[in-house]
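Down below is the structure, laid out as structure tokens.
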Number of protein chains: 2
Amino acid sequence: MAIRLVIFEDNEILRSSLCTLLGSSGDYQIVGMYGDVMEAEQIIRSTRPDVVVLDIDMPVRDGISAIPIIKQVDNAISVVMYTQFEDDDRLFRSLCAGADGYVLKKTTPLKLFEAIAEVHKGGVPMSPAIAQKVLNSFREKAKPKQEEYFLTVRETEVLKLLVKGYTVKYIAADLHMAYETCRSHLRNIYKKLHVRCGKEAIAKILKDRINLNR
Amino acid sequence: MAIRLVIFEDNEILRSSLCTLLGSSGDYQIVGMYGDVMEAEQIIRSTRPDVVVLDIDMPVRDGISAIPIIKQVDNAISVVMYTQFEDDDRLFRSLCAGADGYVLKKTTPLKLFEAIAEVHKGGVPMSPAIAQKVLNSFREKAKPKQEEYFLTVRETEVLKLLVKGYTVKYIAADLHMAYETCRSHLRNIYKKLHVRCGKEAIAKILKDRINLNR
DNA sequence: TAAAATATCACCCTTAAAGGGGATTGACAG
DNA sequence: CTGTCAATCCCCTTTAAGGGTGATATTTTA
């Protein structure tokens, strides 16, 4: 079954050539083409596409602003940004707004077609330079300091709950242990983390992004 | 010019079939195949590949441990992980260690070949499910919840120190205020944050990435 | 098998934290 | 000029947290 497509692209020449190219393949069915996103919600509601191709730089309102509107109608609709811009700001705003793919216009239209197919299969198609940016950002921000404090299984369980802000009494009850046992574990945890109290322990775990799940 | 390939894969059958498939194309030149990464550094130094394909689960040492070794020899060498695992931990550790691509074995070998070509062009090839994980992580980390709790300047100062794990007494001294004043501020802070104690406040601020410095 | 680590619980004592209430001063807005 | 808000401080009470010490059973490891 053909992928139902809606395209928002203000460049009329590009728009019609995309229409011709995409229409010539049986894999894609273009159910709408528009030069702006002013009527996006109504369009999406009535056409019910599988994938939306969004230019960013369009008159009056940019494409990014249309992403949440599309996703609100149906979160299953995939959105591929198709733009000449590769600056961090537009990229980040697009992805955070919910875009599923990001293809640069400087690549061949063929890449866009591949991206449409990929996004419809649940993938995240991106031009190489874009993917590189996302990966770098991921490495910087997501990299949890994987320090080893040699906590035991039980200690880790206690610490996980402590980090949620729970009281000692509550933690003990939750883990079916005596209050004094819980305190005993906490004392050992504090020693191993080189902290003096629960507040410092929470701060250390969360600030250093220490992963307690393994 | 053919892409120079080194493959680390402990499954002998898979290894030889990859060799046959890749060797039959003129686009790839396999310059080495190994069942473990024990000699990785020496191998990489002598073979000088463009791309390394790395299995994760291998005897003695896992593939992830070889990534920094490879990158240290020459950072321009691309590394594609080729594995059956799609758990967050292995994925994150691989990418943070410097992997450029992550392909699941459950997809066809053809996908691996495409990935090799893509990574050599500077892309970041990933199986759809993997790319989705990275994107979600990116969205979370890049978008700090910018909730507004209407804290006063003084309250923010107190909260900043509390989040460092300091005691009330210490905070008061640090900000040149009486102990009781500090407590008074804390009471107001707890009300505004909808928490019941300092531990919950710390957890809330750090987990939600609330910026106290704006 | 003996020693070490782990998980469990208990008691005492001190300090820290939190909840409630109240009061004063200064600034600023209506 | 009066009410509100922020910041300051104090008292009292209860609860939570932490340090020290020790004991027992189980499991793991050397």
Side-chain angles (χ1 to χ4, degrees), chain A residues 146-208 210-214, chain B residues 59-62 146-208 210-214:
Chain A
Q146 210 53 74
E147 286 185 60
E148 187 55 80
Y149 293 102
F150 304 105
L151 297 177
T152 67
V153 179
R154 207 64 172 143
E155 284 165 359
T156 306
E157 287 172 352
V158 171
L159 184 52
K160 265 195 254 184
L161 295 182
L162 182 78
V163 166
K164 288 187 178 180
Y166 295 165
T167 64
V168 180
K169 202 180 285 182
Y170 187 95
I171 296 170
D174 206 83
L175 296 179
H176 308 293
M177 61 174 67
Y179 172 75
E180 286 299 331
T181 308
C182 189
R183 286 211 323 121
S184 184
H185 284 307
L186 283 171
R187 270 192 288 263
N188 295 328
I189 291 168
Y190 297 163
K191 269 181 194 152
K192 289 180 179 178
L193 294 186
H194 305 293
V195 296
R196 307 185 61 188
C197 64
K199 291 191 301 179
E200 278 187 22
I202 295 171
K204 181 156 198 162
I205 296 299
L206 292 180
K207 280 208 280 198
D208 292 353
I210 291 166
N211 184 11
L212 297 174
N213 293 313
R214 48 165 216 132
Chain B
V60 193
R61 268 176 43 195
D62 75 0
Q146 208 52 72
E147 286 185 61
E148 187 55 81
Y149 293 102
F150 305 105
L151 298 177
T152 68
V153 179
R154 207 63 171 145
E155 285 164 358
T156 306
E157 288 171 351
V158 171
L159 185 51
K160 266 195 258 186
L161 296 181
L162 181 78
V163 166
K164 287 187 178 181
Y166 296 166
T167 63
V168 179
K169 203 180 282 182
Y170 186 96
I171 296 170
D174 206 83
L175 296 178
H176 308 292
M177 62 175 68
Y179 173 75
E180 286 298 330
T181 307
C182 189
R183 284 204 336 112
S184 184
H185 284 308
L186 283 172
R187 270 194 288 264
N188 294 329
I189 290 168
Y190 296 162
K191 269 181 195 154
K192 289 181 179 178
L193 294 186
H194 304 292
V195 296
R196 305 187 61 188
C197 64
K199 293 191 300 180
E200 277 187 23
I202 295 171
K204 182 156 199 162
I205 296 300
L206 292 179
K207 280 208 281 199
D208 292 355
I210 291 166
N211 184 10
L212 299 173
N213 295 310
R214 43 112 215 166

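Chain letters run A, B, ... following the sequence lines, proteins first, then strands; residues in each count from 1.
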Taking only Lys NZ, Arg NE, NH1 and NH2, and the carboxylate oxygens of Asp or Glu, determine whether A/E180 and A/R183 approach each other closer than 4.0 Å. yes

Taking NZ, NE, NH1 and NH2 as the nitrogens, is one of them in A/E157 or A/R154 under 4.0 Å from a carboxylate oxygen of the other? yes

If I compare all heavy atoms of A/K199 with all of B/L162, which pair ends up nearest, and what's the gap? NZ-CD1, 3.8 Å

What's [X] touching, base or sugar-phosphate or nothing? Going by heavy atoms closer than 4.0 Å.
{"X": "B/T181", "answer": "base"}
{"X": "B/R187", "answer": "base"}
{"X": "A/K199", "answer": "sugar-phosphate"}

Counting only side-chain heavy atoms from C-beta out, which of [options] sits nearest to [X]?
{"X": "B/R154", "options": "D/dA7, C/dC9, C/dT6", "answer": "D/dA7"}
{"X": "A/Y190", "options": "C/dT8, D/dG18, D/dA16", "answer": "D/dG18"}
{"X": "B/H185", "options": "C/dT8, C/dA7, D/dT8", "answer": "D/dT8"}
{"X": "B/V168", "options": "D/dC11, C/dA17, C/dA10", "answer": "C/dA17"}
{"X": "A/C197", "options": "D/dA16, C/dT6, D/dG18", "answer": "D/dG18"}
{"X": "A/R183", "options": "D/dG20, C/dT8, D/dC9", "answer": "D/dG20"}

Does some side-chain heavy atom of B/I205 sit less than 4.5 Å from a side-chain heavy atom of A/L206? no

Heavy-atom side-chain contact between A/M177 and A/V158 under 4.5 Å: yes

Using atom [atom1] of [X] as one end and atom [atom2] of [N] as the other, report the distance to the nearest whole Å.
{"X": "A/K169", "N": "D/dT15", "atom1": "NZ", "atom2": "P", "result": "8 Å"}
{"X": "B/F150", "N": "D/dT4", "atom1": "CZ", "atom2": "P", "result": "20 Å"}
{"X": "B/E180", "N": "C/dT24", "atom1": "CD", "atom2": "P", "result": "17 Å"}
{"X": "B/I189", "N": "D/dT8", "atom1": "CD1", "atom2": "P", "result": "12 Å"}
{"X": "A/E157", "N": "C/dT6", "atom1": "CD", "atom2": "C1'", "result": "13 Å"}
{"X": "B/N188", "N": "D/dC9", "atom1": "CG", "atom2": "P", "result": "14 Å"}
{"X": "A/Y179", "N": "C/dA7", "atom1": "OH", "atom2": "C1'", "result": "18 Å"}
{"X": "B/M177", "N": "D/dC10", "atom1": "CE", "atom2": "C1'", "result": "16 Å"}

Within the pair A/S184 and C/dC9, is there a side-chain N or O less than 4.0 Å away from OP1 or OP2? no

